[in-house]
Amino acid sequence: MEIHPESPGNTPPEKTSSRTPFFSRIFLTGASSGLGKALALESAHPGVSMGLLARRTSLLESLAGEVRKKGVNVTIYTGDVRDKTFLQEAGMDFQQRYGVPDCLIANAGIRGPLYAGMTDRCEEDVMATNFHGARNTILPFLPGMTGNRSGSILVISSLASYLALPEAGGYCASKAALNLWCGSLRYDLKQHGVTLTLVNPGFIRTEMTQDNPYPMPFVLEPEKAARLILKAARKKTPVYSFPAGLAWPLRFLASLPLPLREFLLSRVLRRKHPSRT
């Protein structure tokens, strides 16, 4: 495990909003780009302490520099959420430095290559990252959070958890499993004063979605998605699925008889991505 502590040092913080930050100790996985990076920047306020975890050191260092300019104390952890021991060590280090987090964000996730085939090893990697990686992230912090009887856990899942999508079996299965596990965990955490918000976003414009060969209705920029997610966390929303214009149709689609549902999905997903026409 690579640990790189950073601090504001002598660099004066940039001018920021006078609003008091809702969270002061944040641990975030999948932080190097996309939604994770946007969540880190949106949460950055003077005096906040952050632990940022991802696999790409150079991108983490760049992000650390950005939040440091906002007055954030930050430590970066370079490693893979599939590594249970690494997460235990990172969690212990963060809590020794800053204390128990009041916001834990399990954001790391992968989709795997499209059309890779059902026997490809990538499905095992997707499940290991999206489901087991989230568990590996959360479990090391539970004793401290439940002991304090406080804190919020945000788990980034997907609207793809609602139903089976063509050529996305591993991704859909991993997110569906994650949703059910979080639903069960929420019962246990509630009696200990810890909030769990399960987040099911639709399409967000990131590295993961930039090559999608199908339409992405209601696609959001990561900065806007981050603001919506943190707003839901502050309200202690149990499940936050967005945007509504995509979430409700998918719920309806999942309720249809299987033959009709498969026919409609096949028609929609075979259309070419507009950027490739």
Side-chain angles (χ1 to χ4, degrees), residues 1-3 26-40 50-57 59-60 63 75-95 101 103-113 116 120-145 151-161 168-186 188-189 194 196-201 204 206-209 222 225-226 229 233 239-240:
M1 175 179 67
E2 295 184 35
I3 302 174
I26 302 167
F27 189 90
L28 166 66
T29 66
S32 60
S33 65
L35 179 60
K37 179 179 180 179
L39 286 166
M50 280 189 185
L52 303 176
L53 184 150
R55 293 177 295 178
R56 296 178 288 184
T57 303
L59 293 180
L60 279 178
L63 176 58
T75 298
I76 63 174
Y77 302 89
T78 304
D80 196 316
V81 295
R82 294 176 295 179
D83 186 338
K84 183 178 181 179
T85 300
F86 162 62
L87 262 299
Q88 291 172 338
E89 293 174 354
M92 182 180 299
D93 180 81
F94 179 88
Q95 292 175 95
C103 183
L104 171 61
I105 308 178
N107 170 71
I110 61 174
R111 180 188 61 191
D120 197 278
R121 175 63 184 271
C122 74
E123 288 200 342
E124 296 180 12
D125 293 336
V126 169
M127 182 63 76
T129 301
N130 296 354
F131 177 64
H132 293 290
R135 290 183 69 255
N136 292 342
T137 299
I138 293 169
L139 294 180
F141 294 98
L142 289 187
M145 297 180 82
S152 295
I153 300 173
L154 278 67
V155 180
I156 310 301
S157 185
S158 171
L159 290 179
S161 62
Y171 185 75
C172 294
S174 68
K175 294 300 188 179
L178 181 60
N179 285 18
L180 288 174
W181 182 74
C182 287
S184 178
L185 180 62
R186 187 183 297 108
D188 300 325
L189 295 179
V194 179
L196 189 152
T197 296
L198 179 66
V199 181
N200 294 311
I204 300 174
T206 65
E207 292 178 32
M208 186 185 295
T209 61
I229 290 169
V239 180
Y240 180 51

**Student:** Give me the atom names and distance for the closest heavy-atom approach of A31 to L63.
**Tutor:**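 That would be O-CD2, 3.1 Å.
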**Student:** Grab the two heavy atoms, one from M50 and one from F94, that are nearest each other, plus how far apart they are.
**Tutor:**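 The answer is C-CE1, 3.7 Å.
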**Student:** Between F86 and Y77, does the ring centroid distance fall short of 6.0 Å?
**Tutor:**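 Not under 6.0 Å, so no.
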**Student:** Restricting to non-hydrogen atoms, name the atom on C103 and the atom on L154 that form the minimum distance, rounded to 0.1 Å.
**Tutor:**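 Scanning both residues completely, I find the closest heavy atoms to be SG-CD1, 4.0 Å.
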**Student:** State which residues pass side-chain hydrogen bond (donor to acceptor under 3.5 Å, both in side chains) with N107; sequence neighbours excluded, sorted by chain then number.
**Tutor:**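 side-chain hydrogen bond (donor to acceptor under 3.5 Å, both in side chains) list for N107, sorted by chain: empty.
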**Student:** What distance separates L53 CG from L87 CG, expressed to the nearest 0.5 Å?
**Tutor:**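 If we round to the nearest 0.5 Å, L53:CG and L87:CG are 6.0 Å apart.
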**Student:** Would L39 and I26 count as a side chain to side chain contact (heavy atoms under 4.5 Å, CB included) here? Give the steps.
**Tutor:** CA-CA 10 Å; L39 286 166; I26 302 167; over 6 Å; no
**Student:** May I have the step-by-step check of side chain to side chain contact (heavy atoms under 4.5 Å, CB included) for V155 and R186, ending in yes or no?
**Tutor:** CA-CA 11 Å; V155 180; R186 187 183 297 108; over 6 Å; no
**Student:** State, to 0.1 Å, how close Q95 and P140 come at their nearest heavy-atom pair, and which atoms those are.
**Tutor:**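 Q95 and P140 have their closest heavy atoms at NE2-O, 3.7 Å.
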**Student:** Do you know which two heavy atoms are closest between L28 and G36, and how far apart they sit?
**Tutor:**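 Closest heavy-atom pair between L28 and G36: CD2-O, 3.2 Å.
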**Student:** Could you go step by step and tell me if L178 and S161 meet the side chain to side chain contact (heavy atoms under 4.5 Å, CB included) rule?
**Tutor:** CA-CA 9 Å; L178 181 60; S161 62; over 6 Å; no
**Student:** Considering residues at least two apart in sequence or located in another chain, which fulfil the side-chain hydrogen bond (donor to acceptor under 3.5 Å, both in side chains) criterion with D80?
**Tutor:**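 For D80 the side-chain hydrogen bond (donor to acceptor under 3.5 Å, both in side chains) partners, ignoring immediate neighbours, are R82.
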